[in-house]
Amino acid sequence: MQNQEIAKTFYEIADFLEIKEVEYKPRAYRTAAENIESLSTDIEDIHDRNELEEIEGIGESIAEKVAEYLDTGYLAYYEDLKADLPIDIEAITSVKGVGPKTAKKLYLELDVLTLEDLEHAAENGAIAELEGFGKASQQNILDRIEWAKRSQERMLLGRAFPIARSIETRLQNSDAFDRVDIVGSFRRRRPTVGDLDILATASAPEVAMEEFCTHDNVKEVLARGNTKSSVIVSGGLQIDLRIVDDSEYGAALIYFTGSKDHNITLRNRAIDHGWKLNEYGLFDVSDVDDVRGGQRVGKRIASETEPDIYDTLNTTWIQPELREDTGEVDAAAASELPDLVERSDMKGDLHLHTKYSNGSHSVREIAVAADELGMEYILITDYGPHVPTPHTLDAETFDSQQTEIKEVNDDADIAVTVLQGIEAEITDEGLEIPEDWHEACDLVVAGIHSQPSNPTEQVRIAFHEFPIDVFAHPTNRLINEHGSLDLDLNVVMETASDEHIAVEINARPERLDLDWQFIKEYRETVHYVVSTDSHMTDELDNMQLGVSQARRGWCETDNVLNTRSLDDLMAFYGK
DNA sequence: GCCGTTTTCGGCCCGACTGTTTTCAGTCG
């Protein structure tokens, strides 16, 4: 999968062209890069099918360049640009406030080629001497270099959650703020967030901004105005706050929730009606000659709430998780949006570890915690043999676990039903667990925790020949750590469907695996389960993260097996 | 360089903030 690599190359090309002051091409390359980045299929497959030009934003010329790169591993156009301007453009523009134009000037005047050069130039005081720069610019660059080095990675949604909730609560409880909502990719529940975007109303914006920017937790103020401020809080997360007028809140919610592509599709829908949609509202500009004459030009026809605006555009309100421009606007126009699964629909958790492998709590402790969360049933799935971890079940611990599960189930004070399962390793020998364990287990969860040479074939054979009920964390990805198994998901998902095996949506923050784009693609044929893979009681609450990804994948309750009662779940498996 | 139920040529999203250049270019989202 070379999608990300190609996207990165095109982003760099865009920067180089911008430095050369070429008009419009930078935008074309950036659009192409964005669209390649968000493809759910391997661009090499698209190339093989000769369909590169069917990708939005890719025409003849860029398609040729993609093909050249895929066929030869080399892109002459890019290499020529780089030879001409040997700047490490990606690193340098990763410093906030430094874009292509600044990079060019620093290169021409100070011979800055790398991040290290940039750091030296700032430390030496050379940047402050340049025309158009001053001490403040130089200091900003210096301050943000460290941060750029650290913030290459986006924050996991699960890590951002407590931070977001705490800030949201703080602002909501403050007299300076009226309405407060976390928007942006957090509201859409993307698996990772680059920053947190907050939208608010306040009767005295300057007071609210003062309070926001001077809080103890704020480490740096990047920008501060009466409607918009940006800060960095301890831990390095950037928080952007936007204060808007109450009467324009709905328009602002849509605008700042995004995604950008969703907004463009909405805006185009507005244009089709002779209207204009921006962060201030939906305006009828059909009688206005100069649409660009102002932000609130024309007659305002909707702006107060999100439903007002969607209604006026003749669509139903769209859940934030769906706003990725993957057909949701057309579906809303046809009143065909899915009735998304909710956290409260979840009746069971089918992937849990206890002290019998590497969990921190006993079966009883997990059961009590799950009971408090209102679960009807849980499946204990400690590691079976061949999982690459020192803490796997053996004959003795398997039996002890069985005894403890029976005790907990006999305890009238614990309502949740505890099932015995296992998380078995799929190896090239298949599923090597003792025969009687199959008998004893209510359900078998299987996954891969290593990097086999041919995982697709391994999975296909295991699915076919062994009694597997759930395929855990299908790609074995760890976000920000390592990528996915080199797996042909088409084959895996089709085989899962044929063999009546559910595919897990793993709710651990660093996994969120299966990815939402594949969830959506296969939801008609494959049954999913959402499981937390908890290793301690505190992690049971990650269920909401998993459900959010199922929602991003357009899942309704029917698509997710563990929304069913225990009887119905077992009936699905014929048990 | 891409794109088109008004266009195959002539458009390309746009508003806020910063720093510094006394009127705006660059950057960001």
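In what follows, every chain begins at residue 1, and chains take the letters A, B, ... in the order their sequences are listed.
- dG11(B) and dC17(B) have their P atoms separated by 31 Å, with the value rounded to a whole Å.
- Below 30°, between 30° and 60°, or above 60°: for Tyr29(A) and Phe10(A) the angle between ring planes is above 60°, a perpendicular geometry.
- Within 4.0 Å of Gly97(A), counting heavy atoms only, lie sugar-phosphate atoms of the nucleic acid but no base atom.
- When the P atom of dT5(B) is taken as reference, atom CG of Asp330(A) falls 14 Å away, rounded to whole Å.
- Taking the P atoms as reference points, dT20(B) lies 14 Å from dT27(B), given to the whole Å.
- No side-chain N or O of Tyr280(A) forms a donor-acceptor pair with one of Asp245(A) less than 3.5 Å apart.
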Nucleotide N/O to protein N/O under 3.5 Å, stretch nucleotides 6-9 of chain B:
none

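- Just one residue in the list Arg189(A), Arg551(A), Arg188(A) forms a side-chain hydrogen bond (donor to acceptor under 3.5 Å, both in side chains) with Gln319(A), and that residue is Arg551(A).
- The separation of dC13(B) from dC3(B), taken at their P atoms, amounts to 13 Å, rounded to a whole angstrom.
- Within 4.0 Å (heavy atoms only), Lys135(A) reaches sugar-phosphate atoms of the nucleic acid but no base atom.
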Residue pair Ile479(A), Asp513(A): steps toward the side-chain contact (heavy atoms from CB on, under 4.5 Å) verdict: CA-CA 9 Å; Ile479(A) 300 168; Asp513(A) 177 17; over 6 Å; no
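- Where Arg224(A) and Arg267(A) each meet DNA chain B at their nearest nucleotide, the meeting point lying more 5' is that of Arg267(A).
- The Thr102(A) side chain lies nearest to dG26(B) when the options are dG26(B), dC2(B), dG29(B).
- Candidate nucleotides dG29(B), dC17(B), dG15(B) were compared by shortest atom distance to the side chain of Thr227(A), and dC17(B) ranks first.
- For the residue pair Thr265(A)/Asn268(A), the side-chain donor-acceptor check at 3.5 Å is not satisfied.
- Contact annotation: Lys228(A) does not reach the phosphate of dA16(B) (side-chain N/O to OP1 or OP2, under 4.0 Å).
- For Asn278(A) and dA16(B), the CG to P distance is 9 Å, given to the nearest whole Å.
- Spacing between atom CD1 of Ile92(A) and atom P of dT27(B) amounts to 12 Å, rounded to whole angstrom units.
- Residue Ser137(A) places at least one side-chain N or O closer than 4.0 Å to OP1 or OP2 of dT20(B).
- Stacking between Tyr24(A) and dC12(B) is present: the aromatic ring centre lies within less than 5.5 angstrom of the base six-membered ring centre, and the two planes differ by under 30 degrees.
- Taking the side chain of Arg27(A) as heavy atoms from C-beta on, and the options dG29(B), dG26(B), dC12(B), the nearest nucleotide is dC12(B).
- Counting only heavy atoms from C-beta on, Tyr280(A) has its side chain closest to dA16(B) among dA16(B), dG29(B), dG1(B).
- Side-chain contact of Gln238(A) with Asp240(A): a donor-acceptor pair under 3.5 Å is present, judged by distance alone.
- Of the side-chain N and O atoms in Lys276(A), none sit less than 4.0 angstrom from OP1 or OP2 of dC14(B).
- To the nearest whole angstrom, the two C1' atoms, one in dC2(B) and one in dT8(B), are 12 Å apart.
- Note: OH (Tyr29(A)) to C1' (dC2(B)) measures 11 Å, nearest angstrom.
- Interface residues of residues 52-80 of chain A facing DNA chain B, ordered by number: Glu56(A), Gly57(A), Ile58(A), Gly59(A), Glu60(A), Ser61(A), Ile62(A), Lys65(A); criterion, heavy-atom separation under 4.0 Å.
- Judged purely by atom type and a 3.5 angstrom limit, Asn542(A) has no side-chain atom pairing as donor or acceptor with the backbone of Thr532(A).
- Contacts of Val95(A) with the nucleic acid, taken as non-hydrogen atoms under 4.0 Å apart, involve only primed sugar atoms and P, OP1 or OP2.
- Across the protein-nucleic acid pair, Phe133(A) atom CZ and dT18(B) atom C1' stand 12 Å apart, rounded to whole Å.
- The pair Arg323(A)-Glu328(A) does not count as a salt bridge, with every side-chain nitrogen at least 4.0 angstrom from each carboxylate oxygen.
- For the pair Arg300(A) and Glu248(A), the salt-bridge criterion is met [side-chain N within less than 4.0 Å of a carboxylate O].
- Nucleic acid contact for Val98(A): sugar-phosphate only, since backbone atoms but no base atoms lie under 4.0 Å from a heavy atom of the residue.
- Here dC3(B) presents its P atom at 13 Å from CD1 of Ile264(A), a figure rounded to the nearest Å.
- Using a 4.0 Å heavy-atom distance criterion, Asn140(A) is classed as a sugar-phosphate-only contact.
- The distance from atom CG of Asp261(A) to atom C1' of dC14(B) is 16 Å, rounded to the nearest whole Å.
- At a threshold of 4.0 angstrom between heavy atoms, the contacts of Asn226(A) are confined to the sugar-phosphate backbone, with no base atom among them.
- Salt-bridge formation is not detected for the pair Lys276(A)/Asp284(A): no Lys NZ or Arg NE/NH1/NH2 atom is positioned less than 4.0 Å from an Asp or Glu carboxylate oxygen.
- For the pair Pro100(A) and Glu131(A), nearest-nucleotide mapping onto DNA chain B gives the more 5' position to Glu131(A).
- Nucleotide dT7(B) is shown with a syn base, its glycosidic torsion being within 90° of 0.
- Distance, Phe256(A) CZ to dC13(B) C1': 13 Å, rounded to whole Å.
- Side-chain atoms of Glu211(A) and Ser174(A) include a donor-acceptor pair closer than 3.5 Å.
- Taking the side chain of Lys101(A) as heavy atoms from C-beta on, and the options dT27(B), dT20(B), dG15(B), the nearest nucleotide is dT27(B).
- Checking dT8(B) for Watson-Crick or G-U wobble geometry (two distances, each under 3.5 Å) identifies no partner in any strand.
- Side-chain polar atoms of Glu12(A) and Tyr78(A) form a donor-acceptor pair below 3.5 angstrom.
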